Amino acid sequence: MRRAADSAGMGLTPLPAADVETAFAGLPDWRLDGDALRAEFSFATSAAAVRFLTAVAADAEDADHHPDVDWRYRLVVVRTTTHCAGGRVTARDTALAARVSELAVAAAGGAAVGGAVP
Ligand SMILES: C[C@H](O)[C@H](O)[C@H]1CNC2=NC(N)=NC(=O)C2=N1
């Protein structure tokens, strides 16, 4: 089932830089990478990394908002921007980022997850 907000087309307006900065307060894993949000998640095992990237893929399908996912053994890098908004950050990206960070904790089974590289 598509999320109501997404199916209504909301969240397709590029966020002003100030709004992106404000969003970062609640997104400690994430950094601005060009015109996208980016985070790195390192797990204790490759199996946990697979659980994570599988959950991210399912969430992306459900939300109809698809990040770039780069899987390298125990490390997964996630990068999101909104193609329909000219490749800029929108509310769909900040909402996805928050969900992805939660999915990382769940996939790690409560173990520590390496977050953003400073
Ligand atoms: C038709 C389909 O709903 C759109 O192409 C969706 C698919 N997933 C998407 N994912 C991302 N990251 N940005 C989009 O603009 C986007 N649009």
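Quantities reported herein were computed from a predicted structural model and do not represent experimental measurements. Both ligands and their constituent atoms are indexed starting at 1 by order of listing.
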For [X] and [Y], indicate whether the former's side chain and the latter's backbone hold a donor-acceptor pair under 3.5 Å.
X     : Y     : result
Trp30 : Phe24 : no
Thr94 : Ala91 : yes
Arg74 : Phe43 : yes

request  = Run through Thr54, Val56, Val50 and flag the one making a side-chain contact (heavy atoms from CB on, under 4.5 Å) with Phe52.
outcome  = Val56
Just list the side-chain donor-acceptor pairs under 3.5 Å for residues 75-82, sequence neighbours left out, or say none.
from, atom 1, to, atom 2, distance (Å)
Arg79, NE, Asp33, OD2, 2.8
Arg79, NH2, Asp33, O, 3.1
Thr80, OG1, Asp93, OD1, 2.6
Thr81, OG1, Asp35, O, 3.3
Thr81, OG1, Gly87, O, 2.6
Thr81, OG1, Arg88, N, 3.2
Thr81, OG1, Arg88, O, 3.1
Thr82, OG1, Thr90, OG1, 2.6
Thr82, OG1, Asp93, OD1, 3.4
Thr82, OG1, Asp93, OD2, 2.5

Sub-3.5 Å pairs, protein N or O with ligand 1 N or O:
from, atom 1, to, atom 2, distance (Å)
ligand 1, 3 (O), Asp64, OD1, 3.3
ligand 1, 3 (O), Asp64, OD2, 2.2
ligand 1, 8 (N), Asp64, O, 3.4
ligand 1, 8 (N), His66, ND1, 2.8
ligand 1, 10 (N), His66, N, 3.0
ligand 1, 12 (N), His66, O, 3.0
ligand 1, 12 (N), Thr81, O, 2.8
ligand 1, 13 (N), His83, N, 3.1
ligand 1, 13 (N), His83, ND1, 3.4
ligand 1, 15 (O), His83, N, 3.1
ligand 1, 15 (O), Cys84, N, 2.8

query = Between His66 and Glu61, does a side chain to side chain contact (heavy atoms under 4.5 Å, CB included) hold up when you go through it step by step?
reply = CA-CA 7 Å; His66 304 81; Glu61 279 295 286; 2.6 Å; yes
